[in-house]
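Each remark here refers to the structure printed beneath this line.
Reminder, nothing fancy here: chain letters follow the sequence lines and each chain counts from 1. The shown structure was predicted, so the numbers you read here are calculated from the model rather than taken from an experiment.
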There are 2 protein chains.
Amino acid sequence: MTDSPRRRGRPGHDQGAVLAAAVRLFNARGYEATSMGDLAEELGITKSSIYHHVSSKQDLLRMAVDHALDGLQEAADEAAAMPAPPVERLELLIRRSVLVLADRLEFVTLLLRVRGNNGVEKEALNRRRILDAQVTELVKQSQLDGDLRADVDPATAARLMFGMVNSLAEWYRPRRGGATALADAVVTMAFEGLRTRKV
Amino acid sequence: MTDSPRRRGRPGHDQGAVLAAAVRLFNARGYEATSMGDLAEELGITKSSIYHHVSSKQDLLRMAVDHALDGLQEAADEAAAMPAPPVERLELLIRRSVLVLADRLEFVTLLLRVRGNNGVEKEALNRRRILDAQVTELVKQSQLDGDLRADVDPATAARLMFGMVNSLAEWYRPRRGGATALADAVVTMAFEGLRTRKV
DNA sequence: GTCTATATTTTGATAGAC
DNA sequence: GTCTATCAAAATATAGAC
């Protein structure tokens, strides 16, 4: 269990190591602003060596955003499969999304900065749109059930909720148990609001 | 009032026109991914001509983010000068910030994408941090007054609130009166929450 | 798995004419 | 205010040796 194949001695870098370094640099300097030379320097190898592990710079971007999207998709599927009212499935989706964001922080951060400037980015935006629609639908159903206030447009509510969730990528830094507490804070604010109830 | 100086005939482009086109492109493709050649093509002039209006690419970025930051700073100053309890000053700050974001949408959008990759960006991040601290302080005071729930960390609450506000840059598109309605939605969600009150 | 060497393109910016 | 011409640096990527 400890040793996976192709992991003896010190055989130089593998694709995972290259990807991890790339994602770190892409987030720090921006995808476009990061050159393959920068990445090579970070890894301590030459530019050409990188092309032994990946076929292009876009390939690195694709692997990274796919990892983020797969995690978020799992969260959405899990919430959809839950045998409970929409408002509870929505809460679960928010909590799970916060946990995925915390767990795959660097990958999700990169995903959230994608703007559709190339084929890889366009495809990522498409997958994000599908997830977005699922959230909006949950809000809509919750309003029909009378569980969420109907005076806020469902799409707007969904976007504001995930505006909060996604903003975590800008400032959250891993701490023990921090993600669960953060999920609580997001759910509290989204569902109950911050104002104290009149005594 | 209608004619400002230096605006007769058709004397080619001025700095404002170059800046507007630059901000549009920076948002669409990213600052680093946009070349001075792209900008020249967008304007229908050559690269060299751009340097008649601005001294560098960073200069364009600096003018853009300063315009955004000046607007947000005004909103914060106005809220701070309001003779009212902290919780009301906080609500005003949120509303004013939404309106500034809507009014200077492209400039604020660019500002929010800045990561500190050069001197201009570092300076912008510094000014943002100061604004952030002002919001956190308002939340803290509101909690001490018993107006906001004390079981959420003030800095976290402030970041989540402005996570919502800032997320508008990702999807808000101008409509008549839309910004005020949006400010209502943000304030409602942040202060009252989306869940319906028990009858 | 990493290297040197190289091809090709694009970049931000300047000089100086009109 | 815009142009042509030009530059030096940096970019992504490939070929082929070790």
**Asked** What is the distance, rounded to the nearest whole Å, between atom CZ of F26(A) and atom C1' of dT12(D)?
**Response** 12 Å

**Message:** Using a 4.0 Å heavy-atom cut-off to protein, can you give one letter per nucleotide of nucleotides 11-18 of chain C, 5' to 3': B if the base is in contact, S if only the sugar-phosphate is, - if neither?
**Reply:** SBBBB---

**Request:** Could you check which residues of residues 113-121 of chain B get a heavy atom under 4.0 Å from DNA chain C? Sort them by number, please.
**Result:** none

**Message:** Could you check whether R115(A) pairs with E170(B) (Lys NZ or Arg NE/NH1/NH2 to Asp/Glu carboxylate O, under 4.0 Å)?
**Reply:** yes

**Asked** Would you say a side-chain N or O of H52(A) is under 4.0 Å from OP1 or OP2 of dC3(C)?
**Response** no

**Asked** Pairs in or reaching into residues 44-61 of chain A: which pass salt bridge (Lys or Arg N to Asp or Glu O under 4.0 Å), with residues at least two apart or in two chains?
**Response** D59(A)-R62(A)

**Message:** So, OP1 or OP2 of dG1(D): does either fall under 4.0 Å of a side-chain N or O from H13(B)?
**Reply:** no

**Candidate pair V54(B) and M63(B), rule side-chain contact (heavy atoms from CB on, under 4.5 Å), full reasoning** = CA-CA 10 Å; V54(B) 298; M63(B) 289 188 288; 3.6 Å; yes

**Asked** Yes or no on salt bridge (Lys or Arg N to Asp or Glu O under 4.0 Å) for E192(A) and R195(B), after CA distance, side-chain angles and deciding distance?
**Response** CA-CA 6 Å; E192(A) 313 302 335; R195(B) 203 189 300 273; 2.8 Å; yes

**Prompt:** Rounded to whole angstroms, how far apart are CD on E42(A) and C1' on dT2(C)?
**Reply:** 18 Å

**Asked** Just checking, is any N or O donor in the side chain of S142(B) or D145(B) under 3.5 Å from an acceptor N or O on the other one?
**Response** no

**Asked** Has S49(B) got a side-chain N or O lying under 4.0 Å from the OP1 or OP2 atom of dG1(D)?
**Response** no

**Asked** Are Q73(B) and D77(B) linked by a side-chain donor-acceptor pair shorter than 3.5 Å?
**Response** yes

**Request:** Please check if atom CD in Q58(B) has more than 12 non-hydrogen atoms from other residues, nucleotides or ligands closer than 6.0 Å.
**Result:** yes

**Asked** OP1 or OP2 of dC3(D) less than 4.0 angstrom from a side-chain nitrogen or oxygen of T46(B), does that happen here?
**Response** yes

**Prompt:** Using 4.0 Å as the upper bound for N to carboxylate O, is an ion pair formed by R127(A) and D66(A)?
**Reply:** yes

